[in-house]
Amino acid sequence: MPDPGLSPAQSSPPSASSSAPPARPPLPGPPSLPFPSAHPAAPAEPAAPDGVPAPPHPELARILRGPSGLGTAALSLARRPEPPALPVPPAPAEGTPIPGLYHHPVPEPDAARVAEVSRRIKEWAVDEVDLFPDEWEGDFDGFSVGRYMVACHPDAPTIDHLMIATRLMVAENAVDDCYCEDHGGSPIGLGSRLLLAHTALDPLHTTSEYAPGWAESLGSDAPRRAYRSAMAYFVQSATASQADRYRHDMARLHMGYLAEAAWAETDHVPEVWEYLAMRQFNNFRPCPTITDTVGGYELPADLHAQPAMQRVIALAGNATTIVNDLYSYTKELASPGKHLNLPVVIAEREGLSDKDAYLKAVEVHNDLMRAFEAEAAELAAACPVPTVLRFLKGVAVWVDGNHYWHQTNTYRYSLPDFW
Ligand SMILES: CC(C)=CCC/C(C)=C(\C)COP(=O)(O)OP(=O)(O)O
Ligand SMILES: [Mg+2]
């Protein structure tokens with residue numbers, strides 16, 4: 001059942017320029033799973049040469065191997081050698097992958113989907129939430145969020161499903177940019193801003209005297225309008241537990257922003273492990289963990305909560321976020337003040353040169369990626385439930401799509417001259 005989210009009274013617009021979504025029928029149900037039913041079962045496999053143990057079950061072997069059609073190699077959960085096995089042709093992406101970075105190239109995202117998501121997200125940003133002033137339009141377009149989300153969610157059954165992820169991605173970045181970073185953000189007063197914005201995701205339940213003031217506040221700046229609207233769309237399609245999962249992940253994210261801000265206020269450079277702890281919260285995690293909603297199915301709450309699943313999700317989120325630290329390194333060096341990222345913290349705390357610290361950060365990323373893949377494969381073998389397998393694959397594909405977007409987003413990112 002979709003999460004009711006904001007009650008009608010709570011979600012009614014504070015003004016004519018509401019950002020609540022128009023009522024529309026629920027999204028079509030989940031597509032038939034591409035794995036168990038679409039293909040005949042493959043025979044059991046011996047242990048793979050790259051060390052992935054032979055799964056105990058022929059159907060599981062095929063699922064871990066992933067779809068076998070042209071351009072589907074990135075959907076495999078098993079560890080893959082680099083470069084990827086033929087017959088996947090190299091993706092004609094611009095941008096250079098970081099040398100030595102363990103990653104999986106993905107097929108070019110579907111151009112028609114990218115165009116339609118890009119068109120619709122701009123319309124939403126401009127007409128529904130009044131997200132940015134004219135002078136930020138270039139940055140909005142340069143973010144290429146349509147390409148990002150189509151690459152990360154190749155199993156989304158429809159454009160409507162892709163839009164759920166795309167609106168949330170834009171809203172999350174609006175909060176980061178406008179509250180924390182380079183579009184007017186500051187550590188000063190961040191806790192108050194984040195908490196009040198969080199109520200656009202996790203509504204205030206209060207008396208009739210105080211509710212209107214709160215409801216009006218949700219329209220008072222672009223980050224809150226974006227959170228309110230993106231969340232209202234999301235809860236139309238999410239179950240109550242999926243919405244609860246998302247709220248929890250966003251609370252984690254906001255806690256991470258606060259630790260980063262606290263260190264920035266005093267120019268403190270944390271220990272490397274402390275930085276990694278902060279970055280586990282200030283993290284892409286809320287994006288891959290909606291893969292089931294975007295795919296039109298649900299990973300049940302009790303399976304999501306299993307410690308092994310939580311560890312896989314955390315490792316995946318950490319790998320994706322260190323990818324950001326590596327690709328955004330030069331952008332952050334050029335920004336005012338000291339911007340913490342893993343290479344910067346390693347250099348300072350471990351007394352390494354910029355280059356050696358960067359290369360060590362690449363190794364940290366690679367270790368996280370390998371741990372994620374090994375533990376995902378282990379969990380898939382131990383718990384071969386179709387929703388678990390599909391969710392694990394969705395997270396793995398999100399990780400690959402996230403790398404693709406960072407590599408190819410030459411508007412935002414460029415590599416240092418270390419090789
Ligand atoms: C989309 C989302 C949940 C983002 C949350 C945290 C975040 C903004 C990142 C993990 C990206 O890191 P960063 O703030 O360093 O982004 P840029 O390097 O400025 O692209
Ligand atoms: Mg960054």
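Counting convention: from 1, in listed order, for ligands and their atoms alike. One-based numbering along the sequence shown.
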To the nearest 0.5 Å, atom CE of M278 lies from atom CZ of F281 at 11.5 Å
Against heavy atoms of M169, which atoms of ligand 1 measure under 4.0 Å?
1 (C)
The answer for which part of R279 has a heavy atom under 4.0 Å from ligand 1 is side chain
Where the Mg ion (ligand 2) is the vertex, angle from N324 OD1 to E332 OE2 to 10°:
170°
When the ring planes of Y102 and H104 are compared, do they come out parallel, tilted or perpendicular, using 30° and 60° as the limits?
perpendicular
In ligand 1, the atoms that come under 4.0 Å of a heavy atom of N173 are 1 (C)
Quick one: does ligand 1 sit under 4.0 Å from the side chain of C287, the backbone, both or neither, non-hydrogen atoms only?
side chain
Which of the ligand 1 atoms, numbered from 1, are nearer than 4.0 Å to a heavy atom of Y413
17 (P), 20 (O)
Those atoms of ligand 1 less than 4.0 Å from some heavy atom in S328
18 (O)
Once the angle between the rings of Y148 and F284 is folded into 0 to 90°, is it parallel (under 30°), tilted (30 to 60°) or perpendicular (over 60°)?
perpendicular
Mind telling me whether H304 and F391 have parallel, tilted or perpendicular rings, with 30° and 60° as the class edges?
perpendicular
Below 2.8 Å, can you find an N, O or S atom of Y327 next to the Mg ion (ligand 2)?
no
Check this for me, if you would: do D141 and K122 make a salt bridge, where the nitrogen-to-carboxylate-oxygen distance has to be below 4.0 angstrom?
yes
Could you establish whether K331 and ligand 1 come within less than 4.0 Å of each other, counting only heavy atoms on the residue side?
yes
Answer yes or no: is there an ion pair linking K360 with E363, defined by an N-O contact shorter than 4.0 Å?
no
Would you check the N or O atoms of N324, main chain and side chain alike, for any that come under 3.5 Å of an N or O of ligand 1?
yes
Hey, does T321 come in under 3.5 Å of ligand 1, counting only N/O atoms on both sides?
no
Is D155 paired with K393 through a side-chain N to carboxylate O contact shorter than 4.0 Å?
no
Do any N/O atoms on E332 end up under 3.5 angstrom from N/O atoms on ligand 1?
yes
Less than 4.0 Å is my threshold; does some heavy atom of Y327 fall inside it relative to ligand 1?
no
Whether Y413 and W405 hold their rings parallel, tilted or perpendicular, with breakpoints at 30° and 60°:
perpendicular
Out of D176, N409, D249, I322, whose heavy atom is nearest to atom 14 (O) of ligand 1?
D176
Does N341 bring an N, O or S atom to within less than 2.8 Å of the Mg ion (ligand 2)?
no
Please determine whether D325 has a backbone or side-chain N, O or S atom lying under 2.8 Å from the Mg ion (ligand 2).
no
Does any N/O atom on R412 come nearer than 3.5 Å to any N/O atom on ligand 1?
yes
Heavy atom under 4.0 Å from ligand 1: found in N341's side chain, backbone, both, or neither?
neither
Please say whether the positively charged group of R167, taken as NZ for Lys or CZ for Arg, lies over the ring of F234, i.e. under 6.0 angstrom from the six-membered ring centre and within 45 degrees of the axis.
no
Pair E348 + K338, salt bridge at N-O below 4.0 Å:
yes
N282: numbered ligand 1 atoms lying under 4.0 Å from its heavy atoms:
6 (C)
Under 3.5 Å: donor-acceptor pair, side chain of Q242, backbone of T239
yes
Hey, can you tell me if Y358 and W419 have their rings parallel, tilted or perpendicular (30° and 60° cut-offs)?
perpendicular
With heavy atoms only and a cut-off of under 4.0 Å, state how Y257 meets ligand 1: side chain, backbone, both or neither.
side chain
